[in-house]
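These notes are about the structure you will find just below.
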Number of protein chains: 2
Amino acid sequence: MSEDLVATSTEIGLYASRLLRRIRREADLPAGARVLSILDEHGPLGIGQLAKLDQCSQPTMTGTVNALVERGWVTKDADPADARATRVTMTREGAVALRTSRRAIGELIASLLGDVEHADAATAARVLRLLVESPSPEKGHR
Amino acid sequence: MSEDLVATSTEIGLYASRLLRRIRREADLPAGARVLSILDEHGPLGIGQLAKLDQCSQPTMTGTVNALVERGWVTKDADPADARATRVTMTREGAVALRTSRRAIGELIASLLGDVEHADAATAARVLRLLVESPSPEKGHR
DNA sequence: CCACTTTACATAGGAAACCTATGTAACGGA
DNA sequence: TCCGTTACATAGGTTTCCTATGTAAAGTGG
């Protein structure tokens, strides 16, 4: 593995960390925003499925979803086929909130990007997506 | 402002958020790692200067530095020229810890990158750096 | 049809990494 | 010398995550 690549990767980690704090401060990226994104993409899902897709623990997702319910951005209904399960569905207010949040963050980042080539921004987005979605390197046996 | 650009920017924000959580879980990126990076780049600095460079509040930096002192990764000495100020200096153990942490994160990300072109990874790093370092868009007056 | 495991969530408790507001002591200029 | 500024420390709170564990419904083998 090239030293250069490790160095570049280190930078990505470092800057991602600072960027997130900046977004949290200057826009406001609630934990629930990610969940709304997932529901927008996949439609109604259960708590466990949401947790898996967002790569967090199930209790964390329970809490996040409850917070979203209180805000009126999603509803929790019983799954008719399985009394244990829950179906989390985005409400119309949730869809509005998602659009608003996306726009705020998008515009913040776009303004910070300044005169960066759009193609370079797209490359960055693609690389980040890959980083998030690629499976974990197996450690040890498995 | 182009809709496409806003969409790309939104993705960058979303993926940065997920990436950071992934790094925290799979490598282990202590809050202090960023401070060590800064000290490595700039040499000994005061608390306030560190806070400014890391873009966090001064109390947060006080806490982070104290934690680093407890771990033996930095020392706090009085500034001989100013009794109020503190000089935070990285120790040899801190330098080792920084190298170790960088390597762990770098290798994690590099392995996740898989067969992404190195040039694309470098572009992503450059874009992220810009996002972190470009000044805030002025909101309103000043 | 009755244990027994598994699955889907909920609850409890706690840790990390931030923040704002405020206090204290030294510095520095009028 | 007085007073505003600067450099930190402290207090107290929030957000976002975690592990461990409990509960109830759903499958499953005998």
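Below, each value reflects all heavy atoms present in this structure, side chains not excepted, and no hydrogens, waters or symmetry copies. Every chain is numbered from 1, with letters handed out A, B, ... down the list of sequences.
- Between A:Arg87 and C:dA8, a side-chain N or O to OP1/OP2 separation shorter than 4.0 Å is absent.
- One interatomic measurement links the two molecules: CG of A:Asn66 to P of D:dC17, which rounds to 15 Å at whole-angstrom precision.
- A:Thr62 has a side-chain polar atom (N or O) that falls below the 4.0 Å cut-off from OP1 or OP2 of C:dA10.
- Within the structure, a side-chain polar atom (N or O) of B:Ser57 is placed less than 4.0 Å from OP1 or OP2 of C:dC19.
- Within 4.0 Å of B:Asp82, counting heavy atoms only, lie sugar-phosphate atoms of the nucleic acid but no base atom.
- Note on A:Gly63: nothing from the nucleic acid sits closer than 4.0 angstrom, heavy atoms only.
- With D:dT16, D:dC18, D:dA9 as the choices, the nucleotide that has an atom nearest any side-chain atom of B:Ile47 turns out to be D:dA9.
- Side-chain proximity of B:Ala85 to D:dA7, D:dT19, D:dA25: nearest is D:dA7.
- In terms of polar N and O atoms assigned as donor or acceptor, the side chain of B:Gln58 comes within less than 3.5 Å of the base of D:dA9 in a complementary pairing.
- The pair B:Asp40-B:Arg99 does not meet the salt-bridge criterion, since no charged nitrogen lies less than 4.0 angstrom from a carboxylate oxygen.
- Side-chain nitrogen and oxygen atoms of B:Thr60 include at least one within less than 4.0 Å of the OP1 or OP2 phosphate oxygen of C:dC19.
- OP1 or OP2 of D:dC17 sits under 4.0 Å from a side-chain N or O of A:Arg34.
- Contact annotation: A:Arg21 side-chain N/O to C:dC18 OP1/OP2 distance is under 4.0 Å.
- Among the heavy atoms of the strands lying under 4.0 Å from A:Thr86 are primed sugar atoms or P, OP1, OP2 only; no base atom is included.
- Taken from CG in A:Leu20 to CD1 in B:Ile23, the straight-line distance is 10.5 Å, to the nearest 0.5 Å.
- For A:Lys52 and C:dC9, the shortest distance from a side-chain N or O to OP1 or OP2 is not below 4.0 Å.
- Classification of B:Asp54 and A:Arg21 as a salt-bridged pair holds, one side-chain N sitting under 4.0 Å from a carboxylate O.
- Between A:Gly48 and A:Ser17, the residue anchored nearer the 5' end of DNA chain C, judged by the nucleotide with its closest heavy atom, is A:Gly48.
- Although no hydrogens or angles enter the test, the distance criterion places a donor-acceptor pair under 3.5 Å between the side chain of A:Arg22 and the main chain of B:Leu131.
- Side-chain atoms of B:Thr86 and B:Asp79, non-hydrogen and from C-beta on, never get closer than 4.5 Å to each other.
- Taking the side chain of A:Arg24 as heavy atoms from C-beta on, and the options C:dC18, D:dT16, D:dT19, the nearest nucleotide is D:dT16.
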